[in-house]
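A short worksheet on the structure shown next.
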Amino acid sequence: HHEIGIHPLKTSADVSSEVERLVPLFDLAMLSEGDRQRSLGLAWQQAFTRPGPEPADSRERRHAAETAQELLSGLPPEFADDAVAAALAQLHFARGETVQAAEAARRVLRLESPSTDAKIAALFPLGVIAFSERRFDEAAEYFSELTGLRRSAGDWYFLGLSEFNSGQAALAIQALETSRQLDPASIETCEALATIYRSQDDRDAQERLRDEIARLKRWQSGRGIAN
């Protein structure tokens, strides 16, 4: 019930009449003020980070992000649990605020028993930030842990790139082949594998992948025409 939106509390982040309000599905009047603020903050965070037609810089999305940050950051310590820290990590990461995102994510991992969802929400931004800052060994550790928590081709892809940039070509190939199994239509993964096989002078594997890349491009082009 904590992740269900409720009517805004009386804070400086009150929603204007021109912006859509969050509406409760259940009566949460029995919850404490802190629980209601926590629920509302999580709901606004989800309204900002969930996929939707509005661009990230739209007025509605900006309002959702600002409201979520104000509500979640202003919670008393007893209400700032792993879900709140994870939501703040996702929020800051989506806004490109890497320092704040990493700080919130590490706060999740320092907790004694964070939920699996909270750990995933923390590990992914930490992995991407480490990779973008060329800390590839660290990124590999984050993505390796992620692969044990969920089934995602993207996690294996980043793990493979991190391993390759750390000088671990064999581990990189293993990770990227796993990513390819999970998402056989990924041209990006095939291209990364072809590059690694070329670096290892495995021309047969490289040529097989080049043929596969050409086939995938023809298939995707055909789908575009059909659509």
_Exam field: side chain S132 to backbone I129, donor-acceptor pair closer than 3.5 Å_ = yes
*Pair F124-F93, side chain to side chain contact (heavy atoms under 4.5 Å, CB included): steps then yes or no*: CA-CA 10 Å; F124 183 75; F93 184 66; 4.0 Å; yes
*asked:* Looking at V108, is its backbone amide N or carbonyl O close enough to the side chain of D82 to form a donor-acceptor pair, meaning the two atoms are under 3.5 Å apart?
replied: no
_Testing the basics here: between A140 and L159, what is the closest heavy-atom pair and its distance to 0.1 Å?_
O-CD1, 3.4 Å
*asked:* Could you check whether any side-chain heavy atom of L109 comes within less than 4.5 Å of a side-chain heavy atom of L126, counting everything from C-beta outward?
replied: yes
*Might you work through the side chain to side chain contact (heavy atoms under 4.5 Å, CB included) test for L146 and S152, ending with a clear yes or no?*
CA-CA 9 Å; L146 266 175; S152 167; over 6 Å; no
*Under 3.5 Å: donor-acceptor pair, side chain of S144, backbone of E141*: no
_Polar side-chain atom of R107 near backbone of A85 as donor-acceptor pair, under 3.5 Å_ = no
*May I ask you to decide whether E212 forms a salt bridge with R215, counting only side-chain N to carboxylate O separations under 4.0 Å?*
yes
*Result of checking Q100, Q69, Q90 against R95 for side-chain hydrogen bond (donor to acceptor under 3.5 Å, both in side chains)*: Q69
*Please check if the side chain of S162 supplies one atom and the backbone of F158 the other of a donor-acceptor pair under 3.5 Å.*
yes
*From L209 atom CG to I187 atom CD1, the distance as rounded to the nearest 0.5 Å*: 12.0 Å
*Quick one: does D211's side chain have a donor or acceptor within less than 3.5 Å of a partner on A214's backbone?*
no
_Heavy-atom neighbours of E191 CD exceed 12 at 6.0 Å_ = yes
*Once you round to the nearest 0.5 Å, how far does OG of S115 lie from NZ of K119?*
9.5 Å
_On a heavy-atom basis, which atom in A192 and which in L176 lie closest, and how many Å separate them?_
CB-CD1, 4.1 Å
*Which pair of heavy atoms, one from T189 and one from S179, lies closest together, and at what distance?*
OG1-OG, 3.7 Å
*Can you name the closest pair of heavy atoms from I120 and P125 and give their distance?*
O-CD, 4.4 Å
_So if I apply the side-chain contact (heavy atoms from CB on, under 4.5 Å) rule between D204 and each of R208, Q206, E207, which one comes out positive?_
R208
*Between D183 and A153, which heavy-atom pair has the shortest distance, and what is it?*
CB-CB, 3.7 Å
_More than 12 heavy atoms of other residues, nucleotides or ligands under 6.0 Å from CD of Q174: yes or no?_
no
_Interatomic spacing from CZ in R150 to CG in D155 - rounded to 0.5 Å_ = 4.0 Å
_Donor-acceptor check, side chain of S166 to backbone of Q168, threshold 3.5 angstrom: yes or no?_
no
_F136 reachable from L171 in the ILVMFWY side-chain graph, under 4.5 Å edges_ = no
*Quick one: does F79's side chain get under 4.5 Å of Q37's, heavy atoms only?*
no
*Treating Ile, Leu, Val, Met, Phe, Trp and Tyr as nodes and any side-chain heavy-atom pair under 4.5 angstrom as an edge, say whether L161 and L182 lie in one connected cluster.*
yes
*Among the clusters formed by ILVMFWY side chains lying less than 4.5 Å apart, do L216 and Y157 turn up in the same one?*
no
*When clusters are formed by joining ILVMFWY residues with side-chain heavy atoms under 4.5 Å apart, either directly or through shared neighbours, do L111 and L149 land in the same one?*
no
*Considering all heavy atoms of both residues, which atom of L72 and which atom of R38 are nearest to each other, and what is their separation?*
CD2-O, 4.0 Å
